Amino acid sequence: MDRVNILVYAFVIILIVINGASAATIQWNGNWAWDCDFPGGDLSQVKVSGDQCGGKCAATAGCTHYTWSAFNSGTCFMKNGANAKASAVLSPGSGTVCGVVNNIQWNGNWANGCDFTGADLSRVKVPGNQCGGQCAATPGCTHYTWSTFEGGTCFMKQGQVSKADAFMSADPSIVCGVTDVPLCDRDNDFEVVGYADLPGTDLNTYTNVDFNTCRQQCRSNAQCQYFFYGHDVAQCWTKRFNAYAAGTLGLLTSTGAFSVFGQFDINGNDVTSVWSIDHPTCQARCRAEAQCLLYQWANNNCYLKKATYNGGGVLGIKATRRTQPECGTKIRGINLGGWLVLERWMTPSGTGPFRGTDAGVAKDEWTLCAQLGKSACLTRLQQHWSTFITNADIDQIIQRGLNAVRIPIGYWSLIPLKADEPFVAGAWQYLESIVKYAGSKNLIVWVDLHGLPGSQNGFDNSGRTMSPRGTWDTSQENLDRSVNAIAEIANRVAASADLTRYVTAIEMVNEPLGQNSTKLREFYSKAYAAVRSKLPKVGIVLHDQFQGADQWNLRDFWQRPNHPTEVIDGHIYFAFSNQGLSRNDLAAFTCSSTGKDVAKSSRVLPFVVGEWSLGFNCADCKAKNPQCDCEAPGGTEWDRKWAELQMDVFEQGLGWFYWSWKSENNDVWNYQWAANNGHVPPNAGSRVNTCASLGISFKSVYENL
């Protein structure tokens with residue numbers, strides 16, 4: 001549907017359902033509104049019906065805005081000039097319609113020859129190509145305008161806007177842009193659940209529409225209680241629940257409150273039922289059940305219900321929701337890897353914790369302590385813990401424009417050890433010290449349970465290398481001890497006012513791989529309950545098992561909106577395999593294919609890339625493509641470009657954590673070294689390269705990707 005038809009279509013729909021505008025302010029419906037006028041600036045006029053005025057203006061050379069009135073049986077007054085909505089004046093009860101037509105040619109999130117009115121936050125003198133980065137790095141900045149004023153000034157602005165709020169400027173040198181991204185949905189009147197549907201009574205079906213149009217159709221229909229939007233087929237079904245006089249339906253929303261629909265029912269989709277309980281107890285049962293999307297309470301009986309899985313679309317239910325995390329501050333974070341959980345490749349020197357040991361024997365923390373013995377291992381690790389990461393590192397992290405740290409720790413630092421486990425405890429006090437300092441400096445802090453009993457993946461990063469994979473899920477004892485480890489993190493955080501204030505989120509487990517989904521469900525349920533019992537507001541982070549959250553075999557387990565602080569963590573690396581792409585093709589692949597993966601994952605829960613790096617398997621690339629230019633000159637410049645493109649992509653979700661802050665190696669796995677040597681931007685918030693500069697725009701999370 002083209003822009004003109006969308007405008008006309010929207011006009012007709014609103015004409016049916018709205019009787020008039022607010023008596024106090026102009027209520028804009030996209031680019032047009034009722035009971036308003038633009039004084040002066042007349043270009044021409046034509047007799048047409050009101051729903052054709054916007055289209056006439058768009059088709060008339062020079063027309064930038066318009067007013068329609070009932071004069072002479074209906075006249076469209078086409079106008080020319082700066083077409084800011086702020087220039088419109090209220091005309092209560094007049095029945096007029098005013099609107100703007102934007103022919104702005106957007107390049108992703110920025111354009112030439114456009115401006116935003118007012119809402120100035122601050123200004124800074126920078127070149128035009130740095131204005132967007134300055135805005136993104138400035139708290140509160142949501143959009144901006146750059147002009148040649150005083151040799152080049154970036155006017156940073158605040159407030160909820162979209163590209164539709166920009167107006168054309170007569171000065172083609174002016175640049176305007178938005179930092180808001182497609183995955184940030186600021187409309188909070190519908191809970192949206194990815195890959196889900198519910199049975200009910202269909203009201204209407206709409207074809208060839210986008211998500212926002214589908215939602216508006218439900219919003220404007222008093223009978224519509226929810227909708228299903230099939231993003232794969234661009235089709236919309238508006239629905240209502242089945243009428244049932246004795247029934248009460250309740251949706252546990254992401255605000256933590258229930259939205260209740262009286263005298264309605266849903267057939268089927270039961271998780272469980274409980275007989276002879278009152279309404280508040282039914283609500284409490286739903287709140288405690290991980291799969292409960294809605295409950296039905298009827299005749300003192302309680303039925304907990306889940307969504308129907310539908311991989312081709314999303315479910316939207318009329319209910320007030322929380323502001324999406326994607327609309328807030330983007331995470332630009334760093335992992336403190338190789339510190340409290342050892343990985344030999346990160347500290348291989350003759351002076352580090354693995355000094356004097358055989359790499360074939362002491363290949364991880366388990367075997368290091370087994371070789372040294374507990375006493376000697378503790379002494380060596382205490383030296384490493386106290387020197388590898390210090391307050392000075394936190395200060396440098398802040399100077400690099402990073403705003404978050406993710407801190408791995410192993411189960412052996414939290415719960416009693418078995419006699420045959422060579423690990424040593426003692427790392428927590430060092431974590432606690434760094435958390436308090438980082439938190440006092442306003443950094444976001446995530447504590448990540450990086451290793452579980454029996455190893456959740458068989459990798460050295462779990463504390464113990466095992467082949468072909470870890471044995472964590474083969475033992476109930478391992479699962480129970482893992483829950484105890486998570487519970488102990490929650491207990492220690494809850495026991496400290498500083499830790500409670502500064503720990504933003506707890507990650508249940510890092511990189512689980514190959515587990516039986518039933519066991520993992522059990523672990524997540526118990527771990528979730530253990531954390532929530534002590535820390536009701538802390539974030540809970542779930543790793544996607546390297547599947548992508550849209551393919552995750554536990555997706556239906558979290559298919560509800562009542563987890564206001566849950567986050568999916570995915571790790572995206574090109575270091576272990578790649579497509580054999582040239583640098584130019586890899587840049588395009590990152591912005592397009594990886595960008596789509598981030599969007600798809602964000603349909604389930606807010607998505608963060610918890611680990612990534614510039615590490616690249618050049619040998620694999622050359623084996624797949626003899627023309628691979630991974631060793632061509634200009635490697636440093638390429639690294640920075642690729643780093644900035646990945647940052648741009650990952651910030652379409654919640655953001656990212658680079659792996660890792662430091663190591664003993666001078667390479668791109670060492671962010672401290674990489675920043676000092678030009679491989680990553682010196683400030684993570686001030687970047688030159690974007691996917692838009694490649695002509696690639698990000699799609700909305702609800703589009704057909």
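Quick caveat, the model's predicted, so the values are computed rather than measured.
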Review point. Going by distance alone, is a donor N or O of one side chain under 3.5 Å from an acceptor N or O of the other, for T465 and D364?
Key: yes
Exercise for review: Taking the side chain as every heavy atom from C-beta outward, state whether L535 and V503 have any pair of such atoms under 4.5 Å apart.
Suggested key: no
Exercise for review: Could you tell me whether the SG atom of C282 lies less than 2.5 angstrom from the SG atom of C302?
Suggested key: yes
Practice item. Classify the side-chain pair W642/T590 by whether it contains a donor and acceptor separated by less than 3.5 Å. Key: yes
Review point. Looking just at side-chain N and O atoms, do Q672 and Q396 make a donor-acceptor pair shorter than 3.5 Å?
Key: yes
Practice item. For residues W385 and G426, report the shortest heavy-atom separation together with the two atoms involved. Key: CZ3-C, 3.4 Å
**Study point:** Quiz item: cation-pi between K305 and Y295, 6.0 Å / 45°
**Key:** no
Study note, to complete from the structure: Closest non-hydrogen atoms of G610 and D569, given as atom of the first, atom of the second and distance, are N-OD1, 2.8 Å
Check your understanding: N478 versus D473: any side-chain heavy-atom pair under 4.5 Å?
Key -> no
**Study point:** Salt-bridge criterion met for E365 and R464 (N-O under 4.0 Å)
**Key:** no
Practice item. Look up atom CG in L368 and atom CD in Q371, then write down how far apart they are to the nearest 0.5 Å. Key: 7.0 Å
Check your understanding: With no hydrogens and no angle check, do the side chains of N683 and R332 hold a donor and an acceptor under 3.5 Å apart?
Key -> no
Check your understanding: Can we say D270 and K306 salt-bridge, meaning some charged N sits less than 4.0 Å from an Asp/Glu carboxylate O?
Key -> no
Practice item. Return the orientation label for the W659 and H450 ring planes: parallel under 30°, perpendicular over 60°, tilted otherwise. Key: parallel
Practice item. Considering non-hydrogen atoms only, spot the tightest contact between L252 and R287 and give its length. Key: CD2-CA, 3.5 Å
Check your understanding: Can you tell which of I540, V541, I486, L449 makes a side-chain contact (heavy atoms from CB on, under 4.5 Å) with I506?
Key -> I486
Review point. Would you call E289 and R285 a salt bridge, using N to O less than 4.0 angstrom?
Key: no
Review point. Will you find, in the side chains of E511 and H571, an N or O donor that is under 3.5 Å from an N or O acceptor?
Key: yes
Exercise for review: Please report the C-alpha distance between L443 and I394 in whole Å, then the side-chain angles of each, then the deciding distance to 0.1 Å, and finally whether the side-chain contact (heavy atoms from CB on, under 4.5 Å) criterion is met.
Suggested key: CA-CA 9 Å; L443 287 182; I394 298 300; 3.7 Å; yes
**Study point:** E421 side chain to Y411 side chain, donor-acceptor N/O pair below 3.5 angstrom
**Key:** yes
Check your understanding: Less than 4.5 Å apart, any side-chain heavy atom of S440 and any of Y502?
Key -> yes
**Study point:** Between W472 and Q515: side-chain donor-acceptor atoms closer than 3.5 Å
**Key:** no
Check your understanding: Is it true that E477 and R481 have a side-chain N and a carboxylate O under 4.0 angstrom from each other?
Key -> no
Exercise for review: Using a strict 4.0 Å threshold on nitrogen-to-oxygen distance, state whether D498 and R501 make a salt bridge.
Suggested key: yes
**Study point:** 4.5 Å side-chain heavy-atom contact, V192 and Y702
**Key:** yes
Practice item. Measure from the side-chain N and O atoms of N670 to the backbone N and O of N665, and report whether any donor-acceptor pair falls under 3.5 Å. Key: yes
Practice item. Rounded to the nearest 0.5 Å, what's the gap from CD on Q652 to CZ on F698? Could you check? Key: 4.0 Å
Check your understanding: Under 4.5 Å between any side-chain heavy atoms of I434 and L336, yes or no?
Key -> yes
Revision key, fill the gap. So the disulfide bond (SG atoms under 2.5 Å apart) pairs with at least one residue in residues 487-549 (sequence neighbours excluded) are none
Exercise for review: Classify the side-chain pair Q382/Q429 by whether it contains a donor and acceptor separated by less than 3.5 Å.
Suggested key: no
Review point. Do we see a donor-acceptor contact under 3.5 Å between the side chains of D544 and S601?
Key: no
**Study point:** Closest heavy-atom pair and its distance - T347, P353
**Key:** OG1-CG, 3.7 Å
Check your understanding: Going from OH on Y658 to OG on S613, what distance comes out if it is rounded to the nearest 0.5 angstrom?
Key -> 4.5 Å
Practice item. Kindly compute the distance separating CD1 (I389) from CD1 (I407), expressed to the nearest 0.5 Å. Key: 9.0 Å
Point to revise | Non-hydrogen side-chain atoms of T504 and W446 separated by less than 4.5 Å | key: yes
Point to revise | Salt bridge present between K662 and D393 (N-O < 4.0 angstrom) | key: yes
**Study point:** Close side-chain approach of R492 to L414, heavy-atom, < 4.5 Å
**Key:** yes
**Study point:** Validation row, ring centre W673 to ring centre H679 under 6.0 Å
**Key:** yes
Point to revise | Rounded distance [0.5 Å steps], CZ in F523 versus OG in S482 | key: 5.0 Å
Study note, to complete from the structure: The single option from F650, W669, Y573 that satisfies ring-ring contact (aromatic ring centres under 6.0 Å, His included) with W612 is F650
Check your understanding: Quick one: are V567 and L605 in side-chain contact, heavy atoms under 4.5 Å?
Key -> no
Review point. Between E611 and N335, do the side chains contain an N or O donor and an N or O acceptor separated by less than 3.5 Å?
Key: no
Check your understanding: Can you tell me if H384 uses its side chain to pair, donor with acceptor, with the backbone of G338 under 3.5 Å?
Key -> yes
Revision key, fill the gap. Minimal heavy-atom distance between P681 and E644, with the atoms involved, is CB-OE2, 3.4 Å
Review point. Taking T253 for the side chain and R321 for the main chain, is one N or O donor matched with an acceptor at less than 3.5 Å?
Key: no
Check your understanding: CH2/W428 to CD/E432 distance, rounded to the nearest 0.5 angstrom?
Key -> 7.0 Å
Revision key, fill the gap. Smallest heavy-atom separation, A362 atom then R344 atom, equals O-NH1, 2.5 Å
